[in-house]
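A short write-up of the structure that comes next.
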Number of protein chains: 2
Amino acid sequence: MVTDQTETLRRVPLSRDRVLRAAVALADGTGIESLSMRNLAQELGVVPMALYKHVANKEELLDGMVDVVVGEIGPPVLGTDWKSAVRQRILSARQALLGHPWASRVIESRTTPTPVMLAYLDSLIGMFRTGGLSADLTHHVMHAMGSRVLGFTQEMFDDSPSDDPSQSVDPDAQAAMFREMATKYPYVTEMAMAAAHEDESIVGQGCDDQFEFEFALDLLLDGFERLQQQGWTSADRSRGDGGA
Amino acid sequence: MVTDQTETLRRVPLSRDRVLRAAVALADGTGIESLSMRNLAQELGVVPMALYKHVANKEELLDGMVDVVVGEIGPPVLGTDWKSAVRQRILSARQALLGHPWASRVIESRTTPTPVMLAYLDSLIGMFRTGGLSADLTHHVMHAMGSRVLGFTQEMFDDSPSDDPSQSVDPDAQAAMFREMATKYPYVTEMAMAAAHEDESIVGQGCDDQFEFEFALDLLLDGFERLQQQGWTSADRSRGDGGA
DNA sequence: ACCTGAACACCGTTCAAGT
DNA sequence: ACCTGAACACCGTTCAAGT
């Protein structure tokens with residue numbers, strides 16, 4: 001294809017699918033904060049109002065974008081135990097999300113599941129149920145997993161190393177800052193140090209996100225398995241809020 | 001105080017504290033989506049630009065609002081084992097958040113921790129460390145907890161019963177909808193049924209949020225304790241992605 | 001019947017002109 | 001030196017006027 005791209009896009013008639021794909025591409029390329037209806041329309045060589053033929057409003061656009069991402073999650077693997085199968089599926093969801101940095105934030109902001117999302121959730125719930133977990137336990141399990149079923153967790157803070165040139169090197173200031181951190185927040189500092197074998201950083205940086213995700217995922221899956229084997233029921237509300 | 005409130009507010013000079021408290025009150029009362037700089041200024045009987053004397057921009061306003069909420073979290077209880085102490089502190093954080101429905105969303109959107117937030121995290125990390133967990137394990141523990149350290153989890157969808165009058169009763173349509181759900185998403189439906197002993201609902205409604213939160217929290221805390229007792233190290237990366 | 005320009009009712013923030 | 005009105009550069013969406 002040597003045809004001018006904008007020109008080509010202008011010729012192809014708009015469709016919901018083309019709108020959604022363009023929106024995903026725009027968000028991937030320039031960030032979700034610069035995705036506006038006006039912006040997207042311009043990218044498609046179209047007047048803003050033309051988009052409203054294919055999506056009712058911006059919320060529906062975002063729903064559709066999430067559907068595109070969920071559509072990239074692989075199907076369940078067959079022929080293993082439920083725990084491995086669930087584990088692999090969720091790690092596949094994680095892979096899908098990694099290609100779209102905006103996706104987890106947008107998913108969080110959705111208020112009602114789309115049919116595509118419901119189909120994914122139904123299939124995942126089915127993996128627990130056919131694996132032998134009770135409907136009761138599965139319900140609590142899904143809540144405990146939260147957004148993890150889609151391959152992400154709410155990390156407390158964005159730990160991407162900001163390449164802000166305003167706070168450049170100046171080793172003296174950095175050392176002073178570090179000393180202040182270490183005295184004011186000794187445990188935070190120690191924890192950051194414990195993780196900083198791979199990156200220069202002050203807080204929370206340079207740790208292996210994939211490892212952290214799998215650590216928590218496995219802890220939860222192991223816990224679910226243990227409860228299942230014990231024949232746990234939500235009637236077993238034996239836990240008080242005190243006892244060791 | 002019988003003085004007219006707006007008049008009183010107009011007399012009291014602005015301060016960062018008064019701006020933040022007004023912002024929290026406004027968000028509590030009318031929702032975070034209607035909190036704008038212009039709106040807040042009006043509430044304070046002040047021109048929008050006056051706010052910029054006390055907060056650099058809207059991001060800093062939101063940071064400050066989170067600080068107000070974090071300030072409401074109770075101090076650690078003394079004289080118990082680390083697990084109970086952590087449990088109680090996190091449930092106290094949850095109580096603080098329950099009074100400010102917007103808080104979890106705003107916390108998620110923060111990109112850098114404030115000193116107030118760092119102080120809270122430091123104190124919580126300290127509870128694990130003085131309880132005997134290694135710096136290494138504590139690091140992974142904090143990641144596994146994610147936003148749960150502040151008393152909330154990312155629930156997959158907003159399950160508050162929308163009192164939208166447009167989709168009022170009409171039991172026939174509702175029954176048809178239910179049949180469609182049950183055939184298209186059998187496991188989702190079953191799970192919703194399993195939880196719906198207390199509320200009329202289609203999906204995800206009517207379950208005990210507090211119970212779900214504690215279920216996951218205890219599962220994680222129990223898991224952490226088990227790892228600690230086993231002398232776990234992150235060098236033990238024994239888990240493959242397959243084996244049962 | 002379809003499409004779209006202009007307009008509406010908002011934003012956060014800058015900046016220069018006022019006191 | 002301090003304060004602030006007007007303006008800038010945006011939003012999502014409505015609606016009436018064009019073809």
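Naming: A, B, ... by sequence-line order, numbering from 1 per chain. Below, all heavy atoms of this structure are taken into account, side chains as well, without hydrogens, waters or symmetry copies.
Judged as a side chain to side chain donor-acceptor pair (under 3.5 Å), and not counting sequence neighbours, B:E108 has no contacts. By the side-chain contact (heavy atoms from CB on, under 4.5 Å) test, B:S34 is found to be paired with B:T30, residues two or more places apart in sequence or in another chain being considered. Under the ring pair (Phe, Tyr, Trp, His ring centres under 6.0 Å) criterion, A:F128 pairs with A:W82, sequence neighbours left out. In terms of the side-chain contact (heavy atoms from CB on, under 4.5 Å) criterion, residue partners of A:S92 (sequence neighbours excluded) are, by chain and number, A:I73. The side-chain contact (heavy atoms from CB on, under 4.5 Å) test applied to A:Q95 returns A:L98, A:Q210, not counting sequence neighbours. Residues satisfying the side-chain contact (heavy atoms from CB on, under 4.5 Å) criterion with A:A176, sequence neighbours excluded, are A:R179. Partners of B:D122 according to the side chain to side chain donor-acceptor pair (under 3.5 Å) rule, which considers only residues two or more places apart in sequence or in another chain, do not exist here. Residues satisfying the side chain to side chain donor-acceptor pair (under 3.5 Å) test with B:D17, not counting sequence neighbours, are B:R21. Applying the side chain to side chain donor-acceptor pair (under 3.5 Å) rule to B:S123 yields the partners B:R89; only residues at least two apart in sequence or on another chain are considered.
Atom C1' of C:dT14 sits at a distance of 23 Å from the matching atom of D:dG12, rounded to the whole Å.
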Practice problem: If a protein heavy atom is under 4.0 Å from the base, mark B; if only from the sugar-phosphate, S; if neither, -; do that for nucleotides 14-19 of chain C going 5' to 3'. | Solution: BB----
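Rounded to a whole Å, the NZ atom of A:K58 is 16 Å from the P atom of C:dC11. A:N57 has its CG atom 17 Å from the P atom of D:dC11, to the nearest Å. For B:K53 and C:dT13, the NZ to P distance is 15 Å, given to the nearest whole Å. In this structure, the CD atom of B:Q42 is 16 Å from the C1' atom of C:dG12, given to the nearest Å. D:dC11 atom C1' lies 14 Å from atom CG of A:L62, rounded to whole Å. Per the geometry, CG belonging to B:L14 stands 16 Å off P belonging to D:dC2, to the nearest Å. As rounded to whole Å, 16 Å separates atom P of C:dT13 from atom NE2 of B:H54.
Using a 4.0 Å cut-off between a side-chain N of Lys or Arg and a carboxylate O of Asp or Glu, B:R16 and B:E60 qualify as a salt bridge.
Of all the residues in residues 27-40 of chain B, B:S36, B:M37, B:R38, B:N39 reach under 4.0 Å from DNA chain C with at least one non-hydrogen atom.
Figure legend: cation-pi geometry between A:R94 and A:F213, with NZ or CZ positioned under 6.0 Å from the six-membered ring centre and within 45° of its axis.
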Self-check item: Watson-Crick or G-U pairs under 3.5 Å in DNA chain C, rendered as dot-bracket with [ ] for crossing pairs and | for another strand
Solution: ||.|||||...|||||.||
